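Data first, discussion second: the structure below is written as structure tokens.
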Amino acid sequence: MEKTDIKSLTCEELAERLKDMGLPAFRARQIYQWLHEKQAVSFDDMTNISRELRERLKEYFEFVTLSQVDVRISRADGTRKYLFALPDGHVIESVLMKYKYGNSVCISSQVGCRMGCRFCASTLDGLARNLRPSEMLEQTYQIQKDVGERISHVVVMGSGEPLDNYDNFVRFIRLLTGKGGLNISQRNVTVSTCGIVPNMKRLAQEHLQITLALSLHAPSDEVRKRLMPSANTYHLKDILEACREYFEVTGRRVTFEYSLVKGVNDNLEEAKALAGLLKDMHGHVNLIPVNPIKEREYVQSTPQSVQEFKNYLEKNGIHVTIRREMGRDIGGACGQLRKSYLNQKKEG
Ligand code: SAH
């Protein structure tokens, strides 16, 4: 019999399973609290549960935990990059960022990625597998424990395309922000997508209050296709319509991410086209000077052209922020730490 991943169950589902084992509902609440509030590391931590019952639980349920393989702490800004091993030995990467408003964790949603964005390190080796809800939660739990401070914000912007792992991702959000866990407000959670239109529309109907971030990166399908293969499947017109729908249904403003690549998408013609495209979208633009990876030839835009791009958008009524680069000294961009770990293993 395959064991059930207990940390991916809601408290109600856990109660159902325990009922089948002849156990009362209060046990589900107790166990759920151990898992998600006290973040027990094994069934044996659950001291108000008899040893006999703990042994029964071990027979029925898998207890998913991650083990820390490596952590790098930035001297510049305290950013921490973690490499975690999953129960099957795959490794994933997560990041802690310290802001004035609180601690934010950036988590991975898949092992690798199959979207193929040209500038991104996470996708270089393709997709290995989806992460389970428990494995997404654990990244946050482990980091909160490691820093000994409350995590208040979560961004799903690490390796993987969350909307390519839709059901696990939505379940993760409900567990993360539901009663009896870390108590993180949905408004403090952001999910970033390259624009999987049907699942963006589904997400709008989930009645969540999370922020949607769209990886836009170009104001036309033509330029976008050079950077992101998914642009061949989903066109800007439909993606922006899905963004508008998300805003209308949830009332949440969409963030547009735009990584600036020298000579590819950073001239003022593009800024002009972008301003036109986003005129009535109620969103704001987050400019990210591209973080060069050694496997690709892309070069970061100069600080001057980033500033000019920003000024142009602002003059045209678009709200813009420039993303502060965090942890540059510790292998900044998505998937870089994992990639260098995998390379080392291959060579070693
Ligand atoms: N798959 C999701 C989330 C992952 S990446 C998505 O596409 O949105 C989070 C953001 O970082 C995306 O906007 C992605 O395009 C961007 N990104 C990835 N690698 C980058 C790099 N080397 N430099 C700048 N931005 C990068």
Side-chain angles (χ1 to χ4, degrees), residues 81 92-95 97 104-127 130-131 136 139 154-166 168-169 172-173 189-197 199-200 203 210-218 223-231 233-234 236 239 242-243 246 254-262 264-266 283-301 306 309 321-328 330-340:
K81 287 214 126 193
I92 53 168
E93 182 173 323
S94 329
V95 186
M97 290 158 295
S104 178
V105 165
C106 173
I107 67 148
S108 293
S109 56
Q110 296 179 314
V111 183
C113 183
R114 59 182 183 136
M115 294 299 133
C117 297
R118 299 285 301 157
F119 45 81
C120 181
S122 301
T123 196
L124 291 169
D125 296 322
L127 175 70
N130 282 329
L131 290 183
M136 292 186 244
Q139 298 173 56
V154 172
V155 296
V156 189
M157 289 193 181
S159 297
E161 168 50 50
L163 300 191
D164 186 39
N165 183 17
Y166 187 85
N168 286 336
F169 163 71
F172 156 73
I173 295 294
V189 178
T190 298
V191 57
S192 178
T193 179
C194 63
I196 315 274
V197 172
N199 287 347
M200 290 169 75
L203 189 64
I210 61 176
T211 300
L212 179 68
L214 173 75
S215 297
L216 187 55
H217 303 326
V223 178
R224 215 166 170 263
K225 280 178 197 172
R226 289 172 59 191
L227 296 168
M228 307 169 75
S230 64
T233 312
Y234 301 111
L236 270 181
I239 294 175
C243 289
Y246 191 85
V254 175
T255 300
F256 298 96
E257 291 162 285
Y258 199 104
S259 297
L260 287 158
V261 188
K262 191 174 180 180
V264 177
N265 64 358
D266 67 342
H284 93 274
V285 173
N286 200 347
L287 294 176
I288 315 154
V290 82
N291 207 330
I293 57 172
K294 71 173 190 314
E295 291 82 357
R296 300 276 187 255
E297 64 283 10
Y298 292 119
V299 178
Q300 198 171 69
S301 304
V306 173
F309 203 93
T321 47
I322 298 178
R323 179 161 336 147
R324 210 153 43 94
E325 274 184 88
M326 306 278 281
R328 183 77 198 263
I330 50 169
C334 287
Q336 269 186 355
L337 184 58
R338 172 171 180 266
K339 181 69 187 153
S340 62

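When a ligand or atom number is given, it counts from 1 through the structure's own listing order. None of the values given here were measured: they were computed from a predicted structure.
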Quiz item: Using 30° and 60° as the class limits, which term best fits the ring planes of F309 and Y258: parallel, tilted or perpendicular?
Solution: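 Rings of F309 and Y258: tilted, 30 to 60°.
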Quiz item: Taking S122 for the side chain and G160 for the main chain, is one N or O donor matched with an acceptor at less than 3.5 Å?
Solution: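 No, S122 side chain to G160 backbone: no donor-acceptor pair under 3.5 Å.
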What atoms of ligand 1 come within less than 4.0 Å of a heavy atom belonging to [X]?
| X | value |
| --- | --- |
| G160 | 1 (N), 2 (C), 3 (C), 4 (C) |
| C194 | 6 (C), 7 (O), 8 (O) |
| E161 | 1 (N), 2 (C), 6 (C), 7 (O) |
| C120 | 18 (C), 19 (N) |

Quiz item: Just going by heavy-atom distances, which of Q110, H217, M157, E257 is nearest to atom 14 (C) of ligand 1?
Solution: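 Checking each option, the heavy atom nearest atom 14 (C) of ligand 1 is found in H217.
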Exercise. Identify which of N291, T255, T193 has a heavy atom lying nearest to atom 21 (C) of ligand 1.
Key: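 Heavy atom nearest to atom 21 (C) of ligand 1 belongs to N291.
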Practice problem: Please work out whether any backbone atom (N, CA, C, O) or any side-chain heavy atom from C-beta onward of S259 is under 4.0 Å from ligand 1, and answer side chain, backbone, both or neither. | Solution: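 The answer is the side chain.
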Quiz prompt | side-chain hydrogen bond (donor to acceptor under 3.5 Å, both in side chains) involving D266 - partner list, sequence neighbours excluded | solution =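 D266: side-chain hydrogen bond (donor to acceptor under 3.5 Å, both in side chains) contacts with S301.
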Quiz item: Between G158 and ligand 1, is there a nitrogen or oxygen pair with a distance under 3.5 Å?
Solution: no
Quiz item: P162 to ligand 1: N or O pair under 3.5 Å?
Solution: no
Self-check item: Pairs meeting criterion salt bridge (Lys or Arg N to Asp or Glu O under 4.0 Å) with involvement of residues 109-121, two or more places apart
Solution: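 Sorted result for residues 109-121: R114-D164.
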Quiz item: Strictly under 4.0 Å, does any heavy atom of S159 approach an atom of ligand 1?
Solution: no
Exercise. Report the C-alpha separation of E161 and T193 in whole Å, then their side-chain angles, then the decisive distance to 0.1 Å, and conclude whether the side chain to side chain donor-acceptor pair (under 3.5 Å) test is met.
Key: CA-CA 6 Å; E161 168 50 50; T193 179; 2.8 Å; yes
Quiz item: Which atom pair, heavy atoms only, marks the closest approach of N130 to N168?
Solution: CB-ND2, 4.3 Å
Quiz item: Closest approach of V155 and S104, non-hydrogen atoms and distance?
Solution: CG1-OG, 4.3 Å
